[in-house]
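The structure displayed is predicted, hence computed values, not measured ones. Just so it is clear: chains get the letters A, B, ... in the order the sequence lines come, proteins before strands, and each one is counted from 1. Because only heavy atoms are used, hydrogens play no part in the values below, and waters and symmetry mates are left out as well, while side chains stay in.
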Amino acid sequence: MKKRYITTAIPYVNGSPHIGHAMDYCLADVCARYYRACGDEVKFQIGTDEHGNKIFQKAKELNIPVQEYVDKNSEKFKSFVEKLGVSYTDFVRTTSSKHEEYVRRIWQKLSNHIYKDKYEGWYCTGCERYITEKEYEENDGVCPDHQKPYEKLKEENYYYRVADFKEQIRKAIESDKMLILPDFRKKEILRLLEETPDVSISRPTSQLTWGVTVPGDETQVMYVWMDALANYITVLGYPEEDISDWWPATAQFVGKDILRFHTILWPAILMGLGLPLPKTVVSHGMVLSNGQKMSKTIGNVVEPIEVIDKYGLEAFRYYFLRHVDTFADADFTWEKYSEAYNNELANDLGNLVQRLATLAQKNNVRIDKIDDMVFSDEYVRLMDECKYARAFDLVWEKIQNLNKRIDDEKPWSLAKNGEVDQLNQCMQSLINDLLLANYELSPFLPGTAEKIKGVFAGDEVMPPESPLFPKG
RNA sequence: CGUGGGGUAGAGCAGCCUGGUAGCUCGUUUGGCUCAUAACCAAAAGGUCGUUGGUUCAAAUCCAACCCCCACAACCA
């Protein structure tokens, strides 16, 4: 039995959960359930990122204490994750005292690679952030959002010497010791790595207070990424406990926009601590809405809760795991969603279960239990490569194939002609194959798989009381 | 000359690495079946594979140039 550790990106809690978070959770959940089905022991982390200026300001705007604000939002994410049926084992919060203490200790362990330096650049007091030189030129020195001229600011920050590890990181990526999926992202990161400068990992308290104070320097607070990335190991108990049972992680799931932090800065931190790198970093794509990126300004944001409420959780998981490519961007439209639900879940699968169950029940067919549930080789290959949408296609092929076989083998005419033995044999074989497909379905749609199992579990086959997927 | 991805039937995509008569799902049309959620099965129609050139007996696939779309480069997954 292997021990495996799977992680998700911890969302920044200045907003509500959206569909992108759901994507991350669902993929990681499939991975976790798959390995559990293989007999492995799985630790599965979820959490929330709760420090930083934006959160601080948002709480101020709402006129509530910051801690109260993050408590409330973190809770929102937690209940969202539960609504998605995500089988996590650990929930980490970056404002927990344990995390904060561990992060400070991690910082101290890294001190050989940390140095202080001056930073000088253009700053917008409206946006409260530094802007790039290029941006400065494009906007002629005036912030377009705030109509204020940029100011030249100077501050002292701590820097992490990524340069110390660049060569090792490059080797790890090239050799797939830390496998980046998909391959084209790997190429992108390798290129990016070359030009990555040392990273500023703190901010003066004059600018940012809501964060973890730098050990031994009350005037500086850790930059959010430093704090956030560490969650993957602080939740395991690092540096207090020995984490070698669980670390390195089997797979870390992240959105493509934050891949760079996880494949450059994060490995550099791990190397600084003398820890191994994660085995795999999976970068998934974005969910588009009518072909465009979801954005509040355009007003095309699709609320995940709304989508779940439309046809239920299983339908939600179905769509985002099968019709949204694991690695590339994919589109969501309500039309496609209901098409997938009605044509595929209801007609293909729901109806298949119904017809087999009814046939078995009407003709008193008894089903011998199959004890050995196995995944097909091709399925295992795809799942191990995290090509979940493809693996799901494979399962669906089996389901469609069963509908074909029922038509070919015509069990109803066997029944009419009183060919009992042949009927039993035929039904047994069909139901066996359905249950095998159902087994492969279970990491994707655990609820549905459970129900289907129940239909054929007893001595007598009991068709579902209500359709698995009522048409809508 | 920033980096990366994409351009294949009405729509969404696979195939490209490892060249060899162009494939899947949905939709459309026609036929079949009746166990089933008017579900299921079969057949047909529909594409000069972004453009141009090159390599080759042979290019969607390899090479070159160009055109168009998208994402990232700034803490919206």
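Ranked by how close their nearest RNA chain B nucleotide is to the 5' end, A:P411 and A:H323 are led by A:H323. Both A:M23 and A:N347 sit near RNA chain B, but only A:N347 has its closest nucleotide nearer the 5' end.
Under the 6.0 Å cut-off for aromatic ring centres, A:Y88 and A:F44 do not qualify, their centroids lying 6.0 Å or more apart. The aromatic ring centres of A:F320 and A:F332 sit less than 6.0 Å apart. Outside the 6.0 Å centre-distance limit, the rings of A:F80 and A:H21 are not counted as a close aromatic pair. For an aromatic pair to be called close, the ring centres must be under 6.0 Å apart, and A:Y388 with A:H284 fails this. Taking the six-membered ring for Trp, A:Y318 and A:F392 have ring centres closer than 6.0 Å.
Heavy atoms of A:A9 sit nowhere under 4.0 angstrom from any nucleic acid atom. Looking at heavy-atom distances under 4.0 Å, A:L192 makes no contact with the nucleic acid at all. Residue A:G20 is in base contact, counting any heavy-atom pair closer than 4.0 Å across all strands shown. Within the 4.0 angstrom heavy-atom criterion, base atoms lie near A:N351. Among the atoms of the strands shown, none is found under 4.0 Å from any heavy atom of A:G15. Residue A:G52 is out of contact with every strand shown, counting any heavy-atom pair closer than 4.0 Å. A:V353 comes within contact range of no nucleotide atom at all, as no heavy-atom separation falls under 4.0 Å.
Residue A:I406 contributes atom CD1, which lies 13 Å from atom P of B:C35 at whole-angstrom precision. Atoms CG (A:N343) and P (B:A38) sit 14 Å apart, rounded to a whole Å. As rounded to whole Å, 18 Å separates atom C1' of B:C13 from atom CZ of A:F332. A straight line from CZ of A:F327 to P of B:C13 spans 17 Å, rounded to a whole angstrom. We find that NE2 of A:H21 is positioned 15 Å from P of B:C75, with the value rounded to whole Å. Atoms NZ (A:K336) and P (B:A11) sit 12 Å apart, rounded to a whole Å. The separation between A:L259 atom CG and B:C72 atom C1' is 11 Å, rounded to whole Å.
B:C16 and B:C63 are spaced 14 Å apart, taking the P atom of each and rounding to whole Å. Using atom P as the reference point in both B:G2 and B:C49, the two lie 30 Å apart (nearest Å).
Between A:K362 and B:A36, a side-chain N or O to OP1/OP2 separation shorter than 4.0 Å is present. Dashed line: the shortest gap from a side-chain N or O of A:K187 to OP1 or OP2 of B:G5 is under 4.0 Å. Taking only side-chain nitrogens and oxygens, A:K471 comes nearer than 4.0 Å to OP1 or OP2 of B:A39.
In this structure, A:K310 fails the cation-pi test against A:Y337, since its NZ or CZ atom is not both closer than 6.0 Å to the six-membered ring centre and inside 45 degrees of the ring normal.
Closest to the side chain of A:Q354, out of B:C75, B:A36, B:G5, is B:A36. Ranking B:C13, B:G5, B:U37 by closeness to the A:L468 side chain, first place goes to B:U37.
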Enumerate all atom pairs, one protein N or O and one N or O from nucleotides 41-43 of chain B, separated by less than 3.5 Å.
| from | atom 1 | to | atom 2 | distance (Å) |
| --- | --- | --- | --- | --- |
| B:C41 | O4' | A:D407 | OD2 | 3.1 |

Between protein and nucleotides 68-71 of chain B, what N or O pairs are separated by less than 3.5 Å?
| from | atom 1 | to | atom 2 | distance (Å) |
| --- | --- | --- | --- | --- |
| B:A71 | O2' | A:K256 | NZ | 2.7 |

So what's the dot-bracket for RNA chain B: Watson-Crick or G-U pairs under 3.5 Å, [ ] if a pair crosses, | if it pairs off-strand? .(((((((.[[[[.)....(..]]]].(((((.......))))).....[[[[[..)....]]]]])))))).....
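Between A:R322 and A:E344 there is a salt bridge, since a side-chain N of the basic residue sits under 4.0 Å from a carboxylate O of the acidic one.
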